[in-house]
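Written out below as structure tokens is the structure these notes cover.
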Protein chains: 2
Amino acid sequence: MRKPTLHDVAAEAGVSYATADRVLNKRGGVAKKSQTRVEAAIAKLGYQRDITAANLSRRRLYRFHVLLPNAAGGFFASLRQLLSEQEEAQRKARQAITITPVPPFDPTALALEIDRAVGAGCDGLCVVAVNHPEVSAALGRARAQSIPVVTLVADSAEGDRDCYVGIDNRTAGRTAADLILLSHRRHAQRGLILPVMGSLQARDHAERYAGFCEVVADQMAVLPPLETGDDPTRLNQLLTAALAAEPGITGLYNLGAGVPGLIAALDHRGSDNIAGRPVVVSHELCNATRKAVADGLIDAVIDQKPAQELSQALAALIALSDGLALDPTAGQITPAVHFKHNMPPQPAAGPNKGA
Amino acid sequence: MRKPTLHDVAAEAGVSYATADRVLNKRGGVAKKSQTRVEAAIAKLGYQRDITAANLSRRRLYRFHVLLPNAAGGFFASLRQLLSEQEEAQRKARQAITITPVPPFDPTALALEIDRAVGAGCDGLCVVAVNHPEVSAALGRARAQSIPVVTLVADSAEGDRDCYVGIDNRTAGRTAADLILLSHRRHAQRGLILPVMGSLQARDHAERYAGFCEVVADQMAVLPPLETGDDPTRLNQLLTAALAAEPGITGLYNLGAGVPGLIAALDHRGSDNIAGRPVVVSHELCNATRKAVADGLIDAVIDQKPAQELSQALAALIALSDGLALDPTAGQITPAVHFKHNMPPQPAAGPNKGA
DNA sequence: CATTAAATGATATACGTCTATCATTATCAC
DNA sequence: GTGATAATGATAGACGTATATCATTTAATG
């Protein structure tokens, strides 16, 4: 027995195809009686609209807007790069993706771009959230027009979006804590840990920090975190000073950006005996962290796998605009943990061949 | 400008739709001249067949056969469970998946089931490979009929399959090594490590072992591996004896199955001071390893994320049967590393609601 | 009962591809 | 040139849905 079609539903309900269609697509102008009969038939037959046929008929193009912070270099730059590489492939799947760079941490600018995307016609939004009433309001306006919203990397309030795709930052902080505990595993002396972060205001940093402290606090001493604003220069200065002031530091958790500053401060100390240097755990696999791991300056890197995040975000948008229920694991990303000897190969950075 | 259709291609090539179709679908009976003109037109217009329309027209059903070892409990049991849960969702996507249990490590039985699946009509095979000429031959027969073959979890020779979906076992072994190195990081004394494995004959075990040794060998002493045949009882016996014989062991790498035996042997030693106990790294997140980590008997678990493997394997089969080029990262799975404080929630084991 | 509005049915076209049939034209050997 | 074969063109129906039009039936109102 093949999949039931809308014709089958109409027959089962004893109405015409047109009426069944009116119910299915909520076109209105149907008597309540017919409405219920059609719905009953749909339930009875287990009818599922054939989305491919529907899309074919509609000449559907999924128009997705992705708003990414335009921070130069680093994590978001590689995200933008990845996305533009995927663009061609997505086009084949009837997806037209518009990438809009947005000033980072600027709620007004982000809200403006959200409204603009909605105005320009859009079937789905993918946004790196900034927690702010203006942004919430703009996302609310989008969702009021039933435009699906997916937050990427940084989440917003649950009511603001349909799905969050990214790592659980609290768990990531706990992972870092476990790594540092492991490094002190066979060590009698109590550890002294220094967290290094961009800002306690940034929700993702705050969550990582909280998760980290939850686990580490009762087994080790944790110094007050350095807040660097993700600025390498400032990070270098603060960290150099802190290391000088506290020679007993046995571990560092760098949970934000500004890795070059971290490296400068660590490198400066010279490469005396490895066992004596603090254990260093950092986030995000990039050129800087790769090199630092290879050089033995960073012990472990927690990576959120931007490529996978992107494809899951787009998949979620498609599912949402098809009106499918998201399975609960849709947005979950398990971060990868990398060390000196299990580094994945550097992805080829070459642009697409051909015109 | 919208996507070009096959009609556009025909017009561009100056032939009829029928001829363009004959070329596109290799029906034969076309003059070489027309053939090249059509191909040139396809290239010029960048024509891409609309797969959704094609599938609609063909009433296509992807009939995939998944052959999984029928080992009771443990890793493959959870794989089978996952797969049957996904079945309903896949059906919506025009996929009919047949799960066939196969005796583990039995090349003849596996080859037989492969041939049977091919005979029964099949558009794609997903197999946990066993390296053996009989299996290679059966896979070769399948591929001779241009049935795509994906190996899952355990790879076969490169020529036998189109794609391998799973972790890189050598890299996983290196990850385990890095974890153990990290645990000895702040430790002056040279470590003494005992590897515990199912069999050196199993390719995945051998690869993990090799990767592990590559990294660890020059910094620590590695004892000859225990070969347990993945049997918990035997593992318990061998390990208990080994721990008694070598009280100086500082680390264990359990790279196969039989975790309950591992736990019995470790538990038996009593929970004296944690710092004194060997560091334990194991594979596969399951009830046994979860509990052992919670109890502090296992320090880290490397998991290959069976759910993700399955969905990637099916995605690869679809891409292959659509004749698309696989992107090179299609089969790559980055294993997750879990510790006591970053355990993911136990997935709900409930069956699908409704009939 | 007549009048108007609401609900429904019947039907046609389109989306882009696949498949099949049949008529037409080109090509070859002899 | 004749006949046979190969290549091509023209066309129609199907897949399941979306969308629109128009005619018809049903219900509501006075």
Side-chain angles (χ1 to χ4, degrees), chain A residues 1-39 41-42 45-62 91-96 123 321-324, chain B residues 1-39 41-42 45-62 91-96 123 321-324:
Chain A
M1 207 179 103
R2 78 188 194 303
K3 275 178 62 173
T5 73
L6 193 49
H7 284 101
D8 300 328
V9 170
E12 173 73 29
V15 300
S16 71
Y17 177 89
T19 301
D21 171 72
R22 283 188 261 255
V23 172
L24 184 66
N25 293 313
K26 308 191 209 301
R27 297 186 207 282
V30 218
K32 205 174 262 179
K33 198 183 65 177
S34 318
Q35 166 111 11
T36 48
R37 295 183 62 184
V38 170
E39 279 161 358
I42 287 178
L45 299 183
Y47 169 76
Q48 289 273 141
R49 182 207 300 261
D50 183 326
I51 294 158
T52 64
N55 288 349
L56 174 60
S57 170
R58 286 197 182 117
R59 268 168 289 192
R60 192 183 205 329
L61 239 177
Y62 298 91
R91 200 170 42 73
K92 293 177 195 165
R94 295 171 173 269
Q95 297 169 240
D123 305 301
S321 23
D322 286 346
L324 297 179
Chain B
M1 208 178 100
R2 78 190 194 302
K3 275 177 62 174
T5 73
L6 192 51
H7 284 101
D8 299 329
V9 170
E12 173 73 30
V15 300
S16 71
Y17 177 89
T19 300
D21 171 73
R22 283 188 260 255
V23 173
L24 185 65
N25 293 313
K26 309 191 208 300
R27 298 186 204 282
V30 222
K32 204 173 264 179
K33 197 182 65 176
S34 318
Q35 165 111 11
T36 48
R37 293 182 64 182
V38 170
E39 280 161 356
I42 287 178
L45 299 183
Y47 168 76
Q48 289 272 139
R49 165 211 248 113
D50 183 325
I51 294 160
T52 65
N55 287 350
L56 175 60
S57 167
R58 284 194 184 121
R59 268 171 290 191
R60 191 187 207 324
L61 240 177
Y62 298 90
R91 201 172 40 75
K92 292 179 195 164
R94 295 168 173 271
Q95 295 169 238
D123 306 301
S321 18
D322 286 346
L324 297 179

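Values in this document were obtained by computation on a predicted structure and should not be read as measured data. Chain letters run A, B, ... following the sequence lines, proteins first and then strands; every chain starts at 1.
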(message) Please enumerate all residues that pass salt bridge (Lys or Arg N to Asp or Glu O under 4.0 Å) together with A:Asp8, with sequence neighbours excluded.
(response) A:Arg2
(request) Report, as a single string ordered 5' to 3', how protein heavy atoms within less than 4.0 Å touch nucleotides 8-17 of chain D: B base, S sugar-phosphate only, - not at all. (result) BBB---BBBB
(message) Going by the rule side-chain contact (heavy atoms from CB on, under 4.5 Å), which residues pair with B:Arg27 if we only count those two or more places apart in sequence or in a different chain?
(response) B:Asp21, B:Arg22, B:Asn25
(request) With sequence neighbours excluded, give me every salt bridge (Lys or Arg N to Asp or Glu O under 4.0 Å) pair touching residues 45-59 of chain A. (result) A:Asp50-B:Arg94
(request) Would you mind listing every salt bridge (Lys or Arg N to Asp or Glu O under 4.0 Å) that reaches into residues 9-18 of chain A, with sequence neighbours excluded? (result) A:Glu12-A:Lys44
(request) State which residues pass side-chain contact (heavy atoms from CB on, under 4.5 Å) with A:Ser321; sequence neighbours excluded, sorted by chain then number. (result) A:Arg60, A:Tyr62, A:Phe64, A:Pro148
